[in-house]
Asks: 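Just passing along the structure, written as structure tokens.
Counting starts at 1 for both ligands and their atoms, in listed order. Quick note: numbers below take in every heavy atom, side chains included, and nothing from hydrogens, waters or symmetry partners.
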Amino acid sequence: MKAAVVDAEGGGFALQDIDIAEPAGHEVLVEVRASGLCHTDLTLATHALTRYPPPVVLGHEVAGVVTALGPRATAFAVGDHVVGCLVQWCGDCPACRDGRRHQCGRPGTTLRDPHRQAPRLSRAGRPVTQAMGLGGFAERVLVHENQLTAVPRRMPFAPAALLGCGVLTGVGSVLNGARVRAGETVAVIGVGGVGLNAVSGAVIAGASRIVAVDVRPGRLRRARAFGATDVVDSTATDAVAAVRELTGGGVRHAFDVVGVAATTDQALRMTALGGAVHVVGLADGKEELKLSLPRLLLEQKRLQGLIMGSADPRRDIPRYADLYLRGRLNLDDLVSRRIALGEIDAGYAALRDPAVARVVVTSF
Ligand code: CXF
Ligand code: ZN
């Protein structure tokens with residue numbers, strides 16, 4: 001099959017022919033119909049491939065059709081439309097039993113044992129790394145059934161693919177991670193692909209004010225279209241002062257979707273007494289924050305990191321698909337550009353344009 005393979009860190013994505021195994025055990029073979037370009041894959045491809053050594057197939061926002069099932073796979077039938085998710089859960093550890101599949105203690109149980117089993121992906125008889133158990137930049141993915149969720153057949157594939165990461169992360173951070181309640185005030189710092197979904201989540205939660213903060217006016221305009229009630233260009237004004245003034249003393253929840261010390265610090269200062277800061281973005285693996293503990297205590301702030309919107313994919317993906325199908329979650333305007341599998345480098349270059357929210361591979 002064809003896959004976009006990264007052969008060296010920073011070497012880009014090259015269309016190649018590789019081999020994919022038959023489904024074993026709980027595995028499911030999926031014909032990929034849409035595969036979203038998430039920024040995490042670009043970070044991995046350009047300077048963090050230690051976890052997924054090259055040659056590697058990245059891509060973790062996948063939607064497609066089930067074409068074959070391993071002998072122990074019971075959750076799907078051939079022909080089902082499914083969405084993949086990087087959350088790997090066993091279903092049986094204390095975290096999974098407690099309803100926290102995103103914090104599964106045995107995620108590796110969803111993968112093949114490299115000592116006992118042939119790799120899922122290979123090239124000329126040698127293993128090819130399958131990133132995050134998915135490897136979605138390919139014509140097909142072979143994946144543990146727990147990393148898949150069925151969606152209605154009338155859901156188009158491109159917006160469905162986004163459910164697996166960008167939507168789950170943005171909307172889930174607001175609904176699951178922060179548990180924003182109707183009437184509360186929200187600020188979202190960084191309204192790119194994930195931040196826009198945080199704005200959507202805040203609309204669904206019934207937030208009374210949703211202030212979008214960004215450095216690009218084009219992104220702020222689009223955030224308004226997604227439901228932001230106010231926008232702040234932090235290159236033109238002091239974002240902390242502006243948010244505090246707009247909301248009469250600060251917001252109840254600030255989401256840092258950028259993930260650098262400067263934006264987390266802004267988030268802490270733009271929340272009101274007793275407010276919460278939710279760190280959703282991760283710009284750099286080495287970023288550190290200097291934090292005033294007296295202020296944290298005296299201002300009774302909460303600070304938490306959130307991964308994948310604290311998602312339970314089997315609960316949340318169908319929920320968000322249903323909201324989309326009922327016209328209550330805007331995913332269509334997230335799909336700014338559709339590309340072919342051989343155009344991933346150009347797709348990531350296009351994401352630098354503030355007019356582009358998400359790029360999706362739809363031609364394989
Ligand atoms: C990532 C965010 C950083 C930790 C791993 C998961 N989410 C999606 O791309
Ligand atoms: Zn992602």
Side-chain angles (χ1 to χ4, degrees), residues 4 6 13 32 34-52 56-63 83-89 95 100-105 107-108 110-111 129-138 141 143 147-149 158-174 176-177 189-190 192-198 200-201 255-260 263-264 278-288 304-313 316-317 320 331 334-336 344 347-348 351 356-361:
V6 176
F13 296 82
V32 181
S35 193
L37 272 59
C38 173
H39 207 270
T40 301
D41 286 323
L42 182 63
T43 307
L44 289 168
T46 49
H47 51 272
L49 271 183
T50 42
R51 193 144 173 230
Y52 301 113
V56 56
V57 181
L58 294 154
H60 62 270
E61 274 189 344
V62 188
V83 167
C85 181
L86 65 82
V87 174
Q88 296 168 324
W89 52 273
R100 293 177 286 112
R101 285 174 168 170
H102 63 290
Q103 292 173 347
C104 173
T110 59
L111 301 173
T129 308
Q130 181 195 37
M132 302 177 187
L134 287 163
F137 293 150
V141 295
V143 54
Q147 282 193 254
L148 297 172
T149 300
L162 306 186
L163 292 174
C165 183
V167 177
L168 214 60
T169 301
V171 178
S173 293
V174 174
N176 302 325
I189 305 175
V194 174
L196 285 174
N197 285 298
S200 291
F255 294 86
D256 176 9
V257 194
V258 180
V260 297
T263 50
T264 306
H278 314 279
V279 179
V280 176
L282 180 65
D284 172 344
K286 298 195 181 85
E287 196 73 7
E288 290 189 0
Q304 68 169 340
L306 297 172
I307 285 188
M308 298 307 292
S310 309
D312 176 339
D316 295 343
I317 289 175
Y320 302 157
L331 303 183
L334 291 175
V335 184
S336 314
I344 292 181
Y348 274 116
L351 273 175
V356 175
R358 225 43 175 182
V359 175
V360 183
V361 179

Asks: Return the residue, atom name and 0.1 Å-rounded distance of the protein heavy atom closest to atom 4 (C) of ligand 1.
Replies: Ile307 CD1, 4.2 Å
Asks: Can you tell me if Ser336 uses its side chain to pair, donor with acceptor, with the backbone of Ala357 under 3.5 Å?
Replies: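 Checking the backbone N and O of Ala357 against the side chain of Ser336, a donor-acceptor pair under 3.5 Å is found.
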Asks: Quick one: does His60 get a heavy atom under 4.0 Å from ligand 1?
Replies: yes
Asks: Give me the atom names and distance for the closest heavy-atom approach of Cys165 to Cys38.
Replies: SG-SG, 4.0 Å
Asks: For residues Leu134 and Val141, report the shortest heavy-atom separation together with the two atoms involved.
Replies: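 Here Leu134 and Val141 meet closest at O-CG1, 3.3 Å.
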Asks: What is the closest protein heavy atom to atom 7 (N) of ligand 1, and at what distance does it sit?
Replies: Met308 SD, 3.6 Å
Asks: Can you name the atoms of ligand 1, numbered from 1 with element, that are less than 4.0 Å from a heavy atom of Cys38?
Replies: 9 (O)
Asks: With respect to the Zn ion (ligand 2), what is the nearest N, O or S atom of His60?
Replies: NE2
Asks: Determine the sole option in Leu168, Val167, Thr169 for which the side chain to side chain contact (heavy atoms under 4.5 Å, CB included) test with Val194 is passed.
Replies: Thr169
Asks: Starting from atom 1 (C) of ligand 1, which protein heavy atom do you reach first, and at what distance in Å?
Replies: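 Ranked first by proximity to atom 1 (C) of ligand 1 is Thr40 OG1, 3.8 Å.
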Asks: Side-chain contact, heavy-atom cut-off 4.5 Å: Asp316 with Val171?
Replies: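 SC-SC contact between Asp316 and Val171 ruled out.
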Asks: Report the angle formed at the Zn ion (ligand 2) by atom SG of Cys165 and atom SG of Cys38, rounding to the nearest 10°.
Replies: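 Value, to the nearest 10 degrees: 130°.
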Asks: Starting from atom 3 (C) of ligand 1, locate the nearest protein heavy atom and write down its residue, its atom name and how far away it is, to 0.1 Å.
Replies: Leu282 CD2, 4.1 Å
Asks: What are the atoms of ligand 1, with element, lying closer than 4.0 Å to any heavy atom of Cys165?
Replies: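 It comes down to these atoms of ligand 1: 8 (C), 9 (O).
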Asks: Which of these passes side chain to side chain contact (heavy atoms under 4.5 Å, CB included) with Thr129: Val6, Val56, Leu49?
Replies: Val56
Asks: Are any side-chain N or O atoms of Glu287 and backbone N or O atoms of Gly259, one a donor and one an acceptor, separated by less than 3.5 Å?
Replies: no
